[in-house]
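What you see below is based on every heavy atom in this structure, not just the backbone, and it leaves out hydrogens, waters and symmetry mates. Along the sequence shown, the residues carry numbers beginning at 1.
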Amino acid sequence: MNRLQKIVLAFIRESRHLARMFEVNWGKPLIIAVTTEGDTKKISTIEHAQYLLSRDWPVDDVARRKALIAIDDAMECMGSVTSARAAFLQAAQSAGFKPAPAPAFFV
């Protein structure tokens, strides 16, 4: 790899890092029931959704992988947050989670 290629590669890596330094507006928090007893998780940011899918998800299926791609695209400003939220909800449903009613203070 020549010097110019190394510089370009370093620039690309740095620009991706900088792009992730700002928080992408996720909209209203999503609340999902994660147990049959009614325990819930509130997903307030796209970063939290990405973390859950990549590190704390009970199944590795197509819906999860599609949601991770959609979230990465939204975080890179290459896709919409609306699509990322929809993909996340599809992955949650595929994993057996149910949407939970929002507490009054979130409405």
message = Measuring only between side-chain heavy atoms, which start at C-beta, is Gln50 closer than 4.5 Å to Thr45?
response = no
request  = Please list, chain by chain and in numerical order, all residues satisfying side-chain hydrogen bond (donor to acceptor under 3.5 Å, both in side chains) with Thr82, sequence neighbours excluded.
outcome  = none
task = Identify the heavy atoms of Ile31 and Thr40 that sit nearest to each other, and give their distance.
result = CG2-CB, 3.8 Å
ask   = Out of curiosity, Ser54 OG to Asp60 CG, how far, rounded to the nearest 0.5 Å?
value = 11.0 Å
ask   = At what distance, to the nearest 0.5 angstrom, does NZ of Lys28 lie from CZ of Arg85?
value = 8.5 Å
ask   = Would Met78 end up clustered with Ile46 when hydrophobic side chains under 4.5 Å apart are linked, directly or stepwise?
value = no
task = Check Ser80 against Ala74 and note the closest heavy-atom contact, atom names and distance.
result = O-CB, 3.8 Å
message = For the NE2 atom of His48 and the CG atom of Leu30, what is their distance to the nearest 0.5 Å?
response = 11.0 Å
request  = Mind checking the CG-CZ spacing from Leu68 to Arg64? Nearest 0.5 Å is all I need.
outcome  = 5.0 Å
key: Pairs where residues 86-96 contributes a residue and the test side chain to side chain donor-acceptor pair (under 3.5 Å) is met, not counting sequence neighbours   = Asp61-Ser94
query = For residues 59-87, which residue pairs qualify under ring pair (Phe, Tyr, Trp, His ring centres under 6.0 Å), counting only residues two or more places apart or in two chains?
reply = none
Same apolar cluster: Val62 and Val59, side chain cutoff 4.5 Å = no
ask   = Are the side chains of Lys98 and Ile32 in touch, meaning some heavy atoms are under 4.5 Å apart?
value = no
request  = Scan residues 58-81 for pairs that pass ring pair (Phe, Tyr, Trp, His ring centres under 6.0 Å), counting only residues two or more places apart or in two chains.
outcome  = none
remark   = Residues Trp26 and Ala49: closest non-hydrogen pair is CH2-CB, 3.9 Å
task = Could you tell me which residues satisfy side chain to side chain contact (heavy atoms under 4.5 Å, CB included) with Ala91, sequence neighbours excluded, listed by chain and number?
result = Leu53, Trp57, Ala63, Ala67
From Ile43 atom CD1 to Phe88 atom CZ, the distance as rounded to the nearest 0.5 Å = 4.0 Å
key: Residues in side chain to side chain contact (heavy atoms under 4.5 Å, CB included) contact with Glu37, at least two apart in sequence or another chain   = Thr35
